[in-house]
Student: 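Have a look at this one before I ask anything.
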Protein chains: 2
Amino acid sequence: MTASPADSSLFERLEVPSAYQMVFKAIEGEIVAGRLREGDRLPTETALADQFGLNRSTVREGIRLLEQAGLVRREAGRRLHVSLPHAAELAPRVSRAMVMQRVTFRELWRVAMALEPAAAAEAALGADPAHLERLEENLAATLAAAEAGQPITPWDVEFHTLIAEATGNRALILCREPMSLLFYPAIRPLFGNHAKGHTAVQRLIAAHGAILTALKSGDAATAEAWMRRHIVDFKRGYDVQGLDMDAAVDRRTAPE
Amino acid sequence: MTASPADSSLFERLEVPSAYQMVFKAIEGEIVAGRLREGDRLPTETALADQFGLNRSTVREGIRLLEQAGLVRREAGRRLHVSLPHAAELAPRVSRAMVMQRVTFRELWRVAMALEPAAAAEAALGADPAHLERLEENLAATLAAAEAGQPITPWDVEFHTLIAEATGNRALILCREPMSLLFYPAIRPLFGNHAKGHTAVQRLIAAHGAILTALKSGDAATAEAWMRRHIVDFKRGYDVQGLDMDAAVDRRTAPE
DNA sequence: GATTATCCGTTTGTCGGACAAAGCATGGCC
DNA sequence: GGCCATGCTTTGTCCGACAAACGGATAATC
């Protein structure tokens, strides 16, 4: 006798959604569809429970899902209101996933080699005075930190984030932000010697300066070229210091 | 009398975490630190409530946060167990954020212009036979769909995803997956005329074929060049069809 | 012997009600 | 007009409860 149809994989496992998941989907749908807009207040928990015909506890579980999804927020004042998920909330989750998957610096670096030069080029085209000024300030702060023998890594990370923001390309910003978070601990050891005369620091500042100059003159090709050289330098730093590019990155503070 | 110190902004508003958030942080911490590994079972809700000294309802709210974060999952059997957040769960959230921020096709396309050629080049270097075979099958399926006058867009999207996976670069995979989801509806109208002889379809198939050939011979430069040409073609398609590259993408099915 | 039916303890999903603490509003008081 | 006391509302947390579903063990059936 042949196997009965029930033995074959005719039917997939079917997901039976629970009530609290339906609450999530219902409200998520309203938000994505635009009927609930950013800033709009949601009804009271009891009101929601009434409307859905569910218990407040059940509704609350649904609200927790929305909360973690970044779709609603509870400010100082109690009341819930709708909020767009921004890069600041999404990026940590993606970078946490990268950490847990034990992504290596080499992997990060290759993506940076693709994204950062492109960001520089695009920023050169859409140069916004306000962003350029913030980049100027960043460069000045980097110089000051270097002269004072203080860590420059935070300024470096900010420099690259500012360039991404200067493009105005939100897809790009959302893409690279998770990696930006991981780059911070990853490149910190490269500038362990904070002395002003430290070669790596000097090269970094020279590159940042050249990129900013290119941005100001709208020279996309030069900005892109300098950025590429700058990113290559990170790899060089890893080699020079004998660090392992194939070690998993993490968010712990890297050793000095 | 001068203003008392309490009036000045000495102290920032301090976030008092609620119990259910502490539950989230506690379990999240164990997972990120690696003391709870993928597949490990979590204690019963009642057991957790006992350990934390909280009520089961409160613990459940914390579990909802973990669930939405993709850190725990509840399979067929009831019991909770730890799971690593993968691209499949994170990508929809990022792409939803892009939709809600009304990201345009132009923005997406610029990022694709940076990432896709880099992915092709990297895939050419780390060519894994299994992945190449899946790409072969994909190409055959694309051809078959074109001959049968059926939509080729799903196969095209899969082709690019397969290339990203062939690199083995998980940072790259996590970066581009959200955009991959949005590309599907965005480029669908480009291949509205499914006829085999349709120019855009022919060019797509030619490009995919050339890229795959380059991958098989490990020729990174050629793979990268063809991919760049291929991505440029998407922009061309938008121009030719008179579509607006500055319109916000969405996840709704694009019109035929 | 393998499959099916039955039973039982466990765990989850949902419910109803309760209360303290913290916000918001209101009105009275100086 | 500005300040404080008061009451109402809303949230965060707790308690207790129960049906449904699951897991596993045992008995019944072919």
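Throughout, protein chains are lettered first and strands after them, A, B, ... in sequence-line order, and every chain is numbered starting at 1. Scope of the values below: all heavy atoms of this structure, side chains included, with no hydrogens, waters or symmetry mates.
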Student: Please check the phosphate of D/dT9 (OP1 and OP2 only) for any side-chain N or O of A/Arg79 closer than 4.0 Å.
Tutor: no
Student: With B/Phe24, which residues qualify under ring pair (Phe, Tyr, Trp, His ring centres under 6.0 Å), at least two apart?
Tutor: none
Student: Find the distance B/Glu67:CD to C/dG13:C1' and express it as a whole number of Å.
Tutor: 12 Å
Student: For A/Glu89, check side chain to side chain donor-acceptor pair (under 3.5 Å) against everything at least two apart and list the hits.
Tutor: A/Arg73
Student: Could you go over nucleotides 8-10 of chain C and give all protein N or O partners under 3.5 Å, atom names and distances?
Tutor:
none

Student: Checking salt bridge (Lys or Arg N to Asp or Glu O under 4.0 Å) for the pair A/Arg176/A/Glu116: CA distance, chi angles, key distance, verdict?
Tutor: CA-CA 9 Å; A/Arg176 67 169 293 289; A/Glu116 297 294 326; 2.7 Å; yes
Student: Does the side chain of A/Ser180 come under 3.5 Å of the side chain of A/Glu177 through a donor N or O and an acceptor N or O?
Tutor: no
Student: Using whole Å, what does the distance between atom C1' of nucleotide D/dT9 and atom CG of A/Asp50 come to?
Tutor: 15 Å
Student: Under the salt bridge (Lys or Arg N to Asp or Glu O under 4.0 Å) rule, what do A/Glu28 and A/Lys25 come out as? Steps first, then yes or no, please.
Tutor: CA-CA 5 Å; A/Glu28 177 203 26; A/Lys25 281 188 190 171; over 6 Å; no
Student: Take B/Met100 and A/His86 through the side chain to side chain contact (heavy atoms under 4.5 Å, CB included) test and state the conclusion after the steps.
Tutor: CA-CA 10 Å; B/Met100 291 180 66; A/His86 283 292; over 6 Å; no
Student: Rounded to the Å, how far apart are A/Ile63 CD1 and D/dT10 P?
Tutor: 13 Å
Student: Is DNA chain D part of any stem, that is, at least 3 consecutive Watson-Crick or G-U pairs with both distances under 3.5 Å, and where?
Tutor: C:1-30 with D:1-30
Student: To the nearest angstrom, how far is B/Phe52 atom CZ from D/dG12 atom P?
Tutor: 19 Å
Student: Going through the checks in order, is the salt bridge (Lys or Arg N to Asp or Glu O under 4.0 Å) test met by B/Arg64 and B/Glu67?
Tutor: CA-CA 5 Å; B/Arg64 294 301 154 252; B/Glu67 187 180 299; 3.0 Å; yes
Student: Look up atom CG in A/Leu182 and atom CZ in A/Phe105, then write down how far apart they are to the nearest 0.5 Å.
Tutor: 11.0 Å
Student: Could you state the CG-P distance from B/Leu80 to D/dG23, rounded to the nearest angstrom?
Tutor: 14 Å
Student: Take atom CZ of B/Arg64 and atom P of C/dT12, then tell me their distance rounded to the nearest Å.
Tutor: 10 Å
Student: Which atoms of nucleotides 14-20 of chain C (N or O only) lie under 3.5 Å from a protein N or O atom, and what are those distances?
Tutor:
from	atom 1	to	atom 2	distance (Å)
C/dT14	OP1	A/Ala19	N	2.4
C/dT14	O4	B/Arg56	NH2	3.3
C/dC15	OP2	A/Asn55	N	2.9
C/dC15	OP2	A/Thr58	OG1	2.8
C/dG16	N7	A/Asn55	ND2	3.1
C/dA18	N6	A/Arg56	NH2	3.3

Student: Using the test side chain to side chain donor-acceptor pair (under 3.5 Å), find all partners of B/Gln21 that sit at least two apart in sequence or belong to another chain.
Tutor: B/Ser18
Student: Report yes or no: do B/Glu107 and B/Thr104 form a side-chain donor-acceptor pair below 3.5 Å?
Tutor: yes
